[in-house]
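The analysis underlying the following values was restricted to heavy atoms, covering all of them including side chains, and did not include hydrogens, waters or symmetry mates.
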Amino acid sequence: MSERTTALVTGANKGIGYEIAAGLGALGWSVGVGARDPERLEEAVGKLRAAGVEAFGVPLDVTDDASVAAAAQLLRERGGRLDVLVNNAAITGGRPQEPTVADPGLVRDVVETNVIGVIRVTNAMLPLLRRSASPRIVNMSSSVGSMTRQAAAGPGEGQGPISAAYGPSKTFLNAVTMQYAKELHGSNILINAGCPGYCATDLNGFRGHRTAGQGAQIAIRLATLPDDGPSGRFFDDDGEVPW
């Protein structure tokens with residue numbers, strides 16, 4: 001097995017995912033770039049390698065069982081283990097998302113990617129993570145998934161637009177993260193959720209006020225936690241985020 005720390009970042013061909021891959025690569029890690037679009041995947045890997053990162057492509061559609069199984073097999077054959085998994089791939093689902101008019105199919109699609117996709121990838125990669133001395137799982141969430149912050153904002157105030165799909169999918173993801181942490185308690189696997197803040201990416205039409213590079217920092221921090229670090233928690237750059 002390779003002694004170099006190996007990470008897999010899903011949805012890493014652009015935006016925050018790409019910056020996470022670049023940041024972990026800058027640490028001297030080998031980084032698997034997970035993406036479902038072959039051309040964008042090849043382009044992202046090329047850019048990272050040009051910047052000095054030991055990057056390799058991992059064709060990966062988080063909504064497809066066969067694709068996820070193939071990705072796990074690729075990593076198994078490449079190095080025999082995985083040290084860090086960053087579940088970053090996500091979709092917003094588009095508009096409208098007001099609960100009274102939201103298409104149930106849209107909600108289903110968002111949950112399939114943002115929640116079930118995380119479960120699918122995490123479970124496929126767990127055997128490889130268990131082979132690591134210090135395995136870490138980072139689930140990229142959002143403050144719009146914080147029930148506490150949503151309630152504190154009040155009707156019609158702050159914490160993102162009204163949403164029946166994207167925001168609740170991140171609440172669901174947070175709950176799943178906590179359940180994984182409870183099940184994995186006592187192992188050496190640390191799993192946490194991270195909020196990148198409101199970043200300018202194509203996910204939101206580049207309306208955010210933070211850069212993708214800034215948004216990547218919380219994932220890098222959680223991917224490099226010490227062995228006595230927290231698990232089952234939710235963080236942003238300012239500290240712990242309430243559920």
Side-chain angles (χ1 to χ4, degrees), residues 2 4-38 40-64 67-68 70-76 78-79 81-91 113-115 117-126 128-129 132 134-142 170 173 177 189-197 199 201-203 211-225 235:
S2 170
R4 186 186 290 255
T5 300
T6 301
L8 170 65
V9 183
T10 69
N13 61 286
K14 59 182 178 179
I16 295 170
Y18 177 87
E19 295 297 337
I20 294 170
L24 296 178
L27 300 176
W29 293 13
S30 178
V31 182
V33 178
R36 59 184 178 179
D37 185 298
R40 290 181 176 178
L41 174 58
E42 183 178 354
E43 180 182 357
V45 169
K47 286 173 59 180
L48 288 166
R49 287 178 176 171
V53 175
E54 186 184 291
F56 60 97
V58 181
L60 179 57
D61 179 348
V62 303
T63 68
D64 183 82
S67 175
V68 173
Q73 181 61 25
L74 185 156
L75 287 161
R76 190 175 298 111
R78 182 178 178 87
R81 74 162 195 273
L82 182 65
D83 300 291
V84 171
L85 169 63
V86 181
N87 287 305
N88 170 75
I91 61 173
T113 296
N114 297 2
V115 182
V118 170
I119 296 171
R120 181 180 286 113
V121 172
T122 299
N123 289 350
M125 300 302 164
L126 269 173
L128 295 170
L129 287 161
S132 172
S134 299
R136 304 287 179 263
I137 302 173
V138 182
N139 291 337
M140 293 303 284
S141 185
S142 170
K170 293 303 186 178
L173 176 61
T177 301
I189 301 176
L190 303 183
I191 177 169
N192 292 284
C195 171
C199 299
T201 68
D202 63 358
L203 200 71
T211 68
Q214 289 173 319
Q217 294 309 304
I218 187 62
I220 296 168
R221 173 184 156 201
L222 295 175
T224 55
L225 285 172
F235 298 94

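- Atom CD of residue Glu54 and atom CG of residue Leu24 lie 13.0 Å apart, to the nearest 0.5 angstrom.
- The nearest pair of heavy atoms linking Leu48 to Ala55 is CB-CB, 3.8 Å.
- The shortest distance between side-chain heavy atoms of Val31 and Ile20 does not fall below 4.5 Å.
- Only one option out of Val84, Val86, Leu75 pairs with Leu8 in a side chain to side chain contact (heavy atoms under 4.5 Å, CB included); it is Leu75.
- You'll find the side chain of Ile218 reaches within 4.5 Å of the side chain of Leu222, heavy atoms only.
- Judged as a side chain to side chain donor-acceptor pair (under 3.5 Å), and not counting sequence neighbours, the contacts of Gln73 are Arg76, Glu77.
- When every heavy atom of Ala71 is checked against every heavy atom of Val58, the shortest pair comes out as CB-CG1, 3.5 Å.
- When Asn192, Thr122, Asn139 are each tested for a side-chain hydrogen bond (donor to acceptor under 3.5 Å, both in side chains) with Thr177, only one passes: Asn139.
- Between Trp29 and Thr224, some side-chain heavy-atom pair lies under the 4.5 Å cut-off.
- In this structure, the side chain of Asn114 engages the main chain of Ile91 through a donor-acceptor pair within 3.5 Å.
- A distance of 11.0 Å separates CG in Asp64 from CZ in Arg36, rounded to the nearest 0.5 Å.
- Considering Asn123, Leu173, Asn88, Ile137 as possible partners of Val118, the one that fulfils the side chain to side chain contact (heavy atoms under 4.5 Å, CB included) test is Leu173.
- Looking only at distances, no side-chain donor or acceptor of Arg40 sits under 3.5 Å from a matching main-chain atom of Lys14.
- Between Ala12 and Ala44, the shortest heavy-atom distance links the atoms O-CB, 4.3 Å.
- Between atom CG of residue Leu129 and atom CZ of residue Arg81 there is a gap of 10.5 Å, rounded to the nearest 0.5 Å.
- At least one side-chain heavy atom of Pro59 sits under 4.5 Å from a side-chain heavy atom of Leu74.
- Between Arg4 and Gly28, the shortest heavy-atom distance links the atoms NH1-O, 2.7 Å.
- Here the closest non-hydrogen pair linking Thr6 and Leu82 is O-CD1, 3.6 Å.
- In this structure, Asp37 CG and Leu60 CG are separated by 13.0 Å, a value rounded to the nearest 0.5 Å.
- Applying the salt bridge (Lys or Arg N to Asp or Glu O under 4.0 Å) test to Arg120 and every residue at least two apart in sequence or in another chain returns Asp65, Glu112.
- Residues Leu85 and Val138 have side chains not in contact (no heavy-atom distance under 4.5 Å, counting atoms from C-beta outward).
- Leu128 and Ala72 get closest at one heavy-atom pair: CD1-O, 3.6 Å.
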